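Throughout, a chain's letter reflects where its sequence line sits, starting with A, and its residues are numbered from 1. Note that this is a predicted model, so its numbers are computed, not measured.
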2 protein chains.
Amino acid sequence: MGDGTKSRKMSPMARWQPHAPERLLVAALELFEERGYENTTVIEITERAGLTKSTFFRHFPDKREVLFGGGTMTGLLVDGIDTAPAGASPLEAVAHALDAIGREAFPSDRREFSARRSAVIAANPELREREALKELGLIASMIDALKRRGVPDLTSRVTAELGALAWKIAYERWRDTTNRDDFAELARRTLTEVRAATALC
Amino acid sequence: MGDGTKSRKMSPMARWQPHAPERLLVAALELFEERGYENTTVIEITERAGLTKSTFFRHFPDKREVLFGGGTMTGLLVDGIDTAPAGASPLEAVAHALDAIGREAFPSDRREFSARRSAVIAANPELREREALKELGLIASMIDALKRRGVPDLTSRVTAELGALAWKIAYERWRDTTNRDDFAELARRTLTEVRAATALC
C-alpha cells in the first residue's frame, strides 16, 4: 500500500469493478496523504485504483464524497434503530444501531485506516465542512427513525444529538490506537456516560 | 431595498465604510435571492453595497462567509458564558449567553431578514456546509468557555450540544414570522423543554 503498484496491477480486472467504492477510498486516502487533498485530481484517484472516471462518478458526486462512503452509515444507523426491540428506550435504540455500525463499519482491523482518514479530514477545511454536513444528515436520519418508533418530536431531536455526541466521542476513543476495546463496547459505555452527564448540566 | 439604488447612492461615503459588513451582508442576500448564490460574484456584491473588493476581503475570507458574520456570534456566546453568575449551572450559563445573543443579534426587527437569510442558506449545499461547520465552531467555543468555568469535560460537551439544539429550535420558532416572542424568551423556554426531554431519552 502506498506506491499504487498493486492497484495498477489490478487494472485488467477493472471491468468487473469489485469493491470499487472501497478501492477508490483507499486510493484517495493515500493520495490525499501524499500530496494533499487540494493537489489530487479525481483522474489520479481513479488511475491509482485502476478504475475509470465514470466509475468514480457512478459512486460519488464529487472528490470530497469519496471519503464519506455514500450513505452506508446512514443505512446502518436507520436500520439499527428500526430493528431495535419494541420496548427499547430511544437511547437504547441508538445503542442498538451503534452495535451494528461497530460490527459492519468499524471492525478492529479498520482502526488504523480510520485514524488516517480522520487526520486527512482534520487537515482540510473543505473536508471538515463536508463531514459537518454529513453529521447533520446522520442526525436528521436518526430523528426520522426515532419518530417512526413513536418517539415525540423534541425527544427524538434530543436523543439524536446525544446519540451523535456519544458516537463521536466513542469514535475518538476507538481510533486512538492505544485503545483495544470494540467500537460497540465503547459506544455503549459512552452513551451511559453521556446520559449521566445530562443530569449535571 | 432590493434594486440596489439606495446602496449605490451611498457610494461617495464608501471611503469611511460605515457598517461595511452589514452593508455587504444585505447586498449579498439580495443578490443571492435574485439570481442565486452560484451566479453572484464578490464584485457584484461589493458594487451593490457601494464598497470595494478589498473591503470585502478585509472582512470576509470568501463569498460564503459574508452570510456568517465573521465571528460576532462566537464573541457574544463566549462573553455571555464567561460573565454568567458564578453559581449558574452549565445550562444556565448558556441561557445567559442566549439572552445576550437575543439582545444583540436577534432583535425583533431582524426577524424577517433572518428568515430570508435562512431560506437562502437552505437552498444551497455549499452554504449549508458552511453553516454546519459554523455550528461545530460555536459548539467548540461553548465547550471551551464552559471548561473555563470549571465544568468537567464531558458535561461541557453535553451542555454545549443541548445548548446548541435549544438555540437552533428557538431560532426556528423565532424566525417564524407568526411568532411574536422575543428570542431570549423563546430560548429560555426551549432550554427548559430540552432539559426535560433528556429524562425521556
(request) Measure the spacing between CG of A:L165 and CD1 of B:I139 and express it to the nearest 0.5 Å. (result)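 These two atoms lie 9.0 Å from each other.
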(request) Go through the atoms of A:E131 and report whether side chain, backbone, both or neither lie under 4.5 Å from a heavy atom of chain B. (result)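 Neither part.
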(request) Please list, in residue-number order, every residue in residues 90-101 of chain A that has a heavy atom less than 4.5 Å from any heavy atom of chain B; write 'none' if there are none. (result)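 The list, in residue order, reads A:P90, A:L91.
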(request) Using a heavy-atom cutoff of under 4.5 Å, enumerate the residues of residues 191-201 of chain A that contact chain B, numbered in order, or state 'none'. (result)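 Counting heavy atoms that sit under 4.5 Å from chain B, the residues of residues 191-201 of chain A involved are A:E193, A:V194, A:R195, A:A197, A:T198, A:L200, A:C201.
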Picking from [options], which has the most non-hydrogen pairs under 4.5 angstrom with chain A?
options: B:K168, B:R130, B:E161; result: B:R130
options: B:E129, B:R128, B:E126; result: B:E129
options: B:I169, B:L162, B:V158, B:L146; result: B:V158

(request) Evaluate the side-chain proximity of B:E135 to A:E135: yes if any heavy-atom separation is below 4.5 Å, no if none is. (result)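 Counting from C-beta outward, A:E135 and B:E135 never come under 4.5 Å.
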(request) Taking all non-hydrogen atoms of both residues into account, name the closest pair between A:L136 and B:A132 and its distance. (result)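 That closest heavy-atom pairing would be CD1-CB, 3.6 Å.
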